[in-house]
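All values derive from a computational prediction rather than experimental measurement.
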Protein chains: 2
Amino acid sequence: MPTATAADAALASELRLSVMRLARRLRGQRAATDLGLTHLATLSSLEIHGQMTPGELAAHERVQPPSMTRVIATLEERGLVVREPHPTDGRQVLVQLSDTGREMLKGDRRRRDAWLSQHFADLSPDDLELLHRVAPILERLARAE
Amino acid sequence: MPTATAADAALASELRLSVMRLARRLRGQRAATDLGLTHLATLSSLEIHGQMTPGELAAHERVQPPSMTRVIATLEERGLVVREPHPTDGRQVLVQLSDTGREMLKGDRRRRDAWLSQHFADLSPDDLELLHRVAPILERLARAE
DNA sequence: TATTGTTATACTCTATAACTATA
DNA sequence: TATAGTTATAGAGTATAACAATA
């Protein structure tokens, strides 16, 4: 049935453009913390999953290991994460959120999302409900193989 | 009512992370054309709106004018757009899609969206319906003041 | 030998500031 | 003077390739 495929392609195109434009917009709002999005996402991952190795973080955030090395270096410089040697494998490193990082993350969350939630005011309750239901779907797409 | 605000903030946080992760994922798929996302969005805008000035394109794509200058230069180098002097205002320039650009855009659309629509296979019809309804909302957010 | 992480290097995208040409 | 566009320059983020340390 070619109709379904064509509809999918049209939806893909529309969704893709919207997501990219919104992402670019959101990227512009990061000035409040002066941390990049991968930095913040990395902190969030550490908050959720506890300590992780650089390799795990790289896989989780979908960046290459050298990129994660740099992200971690920046976070460590600012005292937001702590690096510890792995107890049994000398090659590996364990990264975890510092108390400073945890507080910063918590205190900053409201600010980080201020722009977006502020613009929720323009949306109807139905639209908000829709966003609430669709967010996990976008996350699934982002994490798909 | 603090509940609504807290719920909005939580939704904002969730949506923000999902959108950014999906955007990063989509960015990685651009290899097929080796053109950046702003380049492709610019071509799309020209396809939809016809000829536009660099300033209009910059405003539409939410980038600064010098960035759009470079985007246009790349597109012109590849013969995808044509620059013409403005008929009445010597300061302005009109940019429009070339035939090559139009064909490239058309022929490339399927490939560009292949990754995304391919992953629609993992979603239920209900999820797809949700995505269909949410795309314009994301676009509205992206274009909000 | 294979794996984990890092360093060295380069590329892409975007921004701000300064400049040119025209209105 | 003000506006449209461009050029010059810099910064952030990411990638690949080469390297070091450990398993």
Side-chain angles (χ1 to χ4, degrees), chain A residues 20-43 46 51-78 81-96 142, chain B residues 20-43 46 51-78 81-96 142:
Chain A
M20 296 313 308
R21 287 202 181 102
L22 181 54
R24 185 156 60 227
R25 201 67 192 282
L26 287 168
R27 202 178 313 138
Q29 303 310 125
R30 73 167 176 233
T33 82
D34 94 327
L35 277 178
L37 294 150
T38 303
H39 297 79
L40 293 168
T42 300
L43 289 176
L46 289 173
Q51 59 185 18
M52 298 171 77
T53 66
E56 286 170 342
L57 283 167
H60 201 256
E61 301 309 326
R62 303 264 178 196
V63 297
Q64 293 302 308
S67 301
M68 185 50 68
T69 292
R70 292 192 50 176
V71 168
I72 293 169
T74 299
L75 295 176
E76 192 181 28
E77 271 173 24
R78 305 196 184 199
V81 302
V82 179
R83 290 161 36 105
E84 290 176 14
H86 191 285
T88 64
D89 187 335
R91 297 171 303 181
Q92 295 188 54
V93 174
L94 290 175
V95 184
Q96 62 179 28
Chain B
M20 295 313 309
R21 287 202 181 101
L22 181 53
R24 185 156 59 226
R25 199 65 191 282
L26 287 167
R27 201 180 313 138
Q29 305 307 126
R30 76 171 177 228
T33 81
D34 96 329
L35 276 178
L37 294 151
T38 304
H39 296 80
L40 294 167
T42 300
L43 289 176
L46 289 173
Q51 60 185 15
M52 298 171 77
T53 67
E56 286 170 342
L57 284 168
H60 201 256
E61 301 307 328
R62 302 264 178 196
V63 296
Q64 292 301 308
S67 301
M68 184 50 68
T69 292
R70 294 195 49 179
V71 169
I72 293 168
T74 300
L75 295 175
E76 191 181 28
E77 270 173 24
R78 305 195 184 199
V81 301
V82 179
R83 290 161 35 105
E84 291 176 13
H86 192 285
T88 64
D89 187 336
R91 297 170 305 179
Q92 296 190 53
V93 174
L94 289 174
V95 184
Q96 62 180 27

Tell me the interatomic distance from A:Leu37, atom CG, to C:dT14, atom P, rounded to whole angstroms. 14 Å
Please evaluate the base of C:dT6 for a donor-acceptor partner in the side chain of A:Arg70 within a cut-off of under 3.5 Å? no
Grab the CG-P distance between B:Leu57 and C:dT14 for me, whole Å please. 13 Å
Please compare A:His39 and B:Leu94 by the position of their nearest nucleotide in DNA chain D and report the one closer to 5'. B:Leu94
Rounded to the nearest angstrom, tell me the gap between atom CD1 in B:Ile72 and atom P in D:dT6. 6 Å
Kindly say if B:Ser67 contacts the phosphate of C:dA15, meaning a side-chain N or O under 4.0 Å from OP1 or OP2. yes
Run the side chain to side chain contact (heavy atoms under 4.5 Å, CB included) test against B:Arg78 and tell me which residues pass, sequence neighbours left out. B:Asp34, B:Leu35, B:Thr74, B:Leu80
NE2 of A:His86 versus P of C:dG5: gap in Å, rounded? 9 Å
What's the CE-P distance between A:Met68 and C:dG5, to the nearest Å? 11 Å
Hits for side-chain hydrogen bond (donor to acceptor under 3.5 Å, both in side chains) against B:Arg70, two or more places apart or cross-chain, chain-then-number order -> none
List for me each residue that meets side chain to side chain contact (heavy atoms under 4.5 Å, CB included) alongside B:Arg83, sequence neighbours excluded, and say none if there are none. B:Ile72, B:Glu76, B:Val93, B:Val95
Could you list the donor-acceptor pairs under 3.5 angstrom formed between side-chain atoms of residues 51-59 of chain A and any protein atom two or more places apart in sequence or on another chain?
| from | atom 1 | to | atom 2 | distance (Å) |
| --- | --- | --- | --- | --- |
| A:Thr53 | OG1 | A:Glu56 | N | 3.1 |
| A:Glu56 | OE1 | A:Thr53 | N | 3.0 |

Do any side-chain nitrogens or oxygens of B:Thr38 fall under 4.0 Å of OP1 or OP2 in C:dT14? yes
For A:His39, ring-ring contact (aromatic ring centres under 6.0 Å, His included) partners two or more places apart: none
Kindly say if A:Thr53 contacts the phosphate of C:dG5, meaning a side-chain N or O under 4.0 Å from OP1 or OP2. yes
Rounded distance (Å) that lies between atom C1' of C:dT4 and atom CD of A:Glu56: 11 Å
Between C:dG5 atom P and A:Met52 atom CE, what is the distance in whole Å? 11 Å
Heavy-atom protein contacts under 4.0 Å, nucleotides 17-23 of chain D, coded B base, S sugar-phosphate only, - none: B----BS
Selected nucleotide, minimal atom distance to A:Thr69 side chain, candidates D:dG13, C:dT6, C:dT16: C:dT6
Roughly, in whole Å, what's the span from CD in A:Gln92 to P in C:dA2? 18 Å
Point-to-point distance, once rounded to the nearest 0.5 Å, from CE of A:Met68 to CD of A:Glu61: 5.5 Å
Nearest heavy-atom contact between B:Leu94 and B:Pro87 is CD1-CD, 3.8 Å
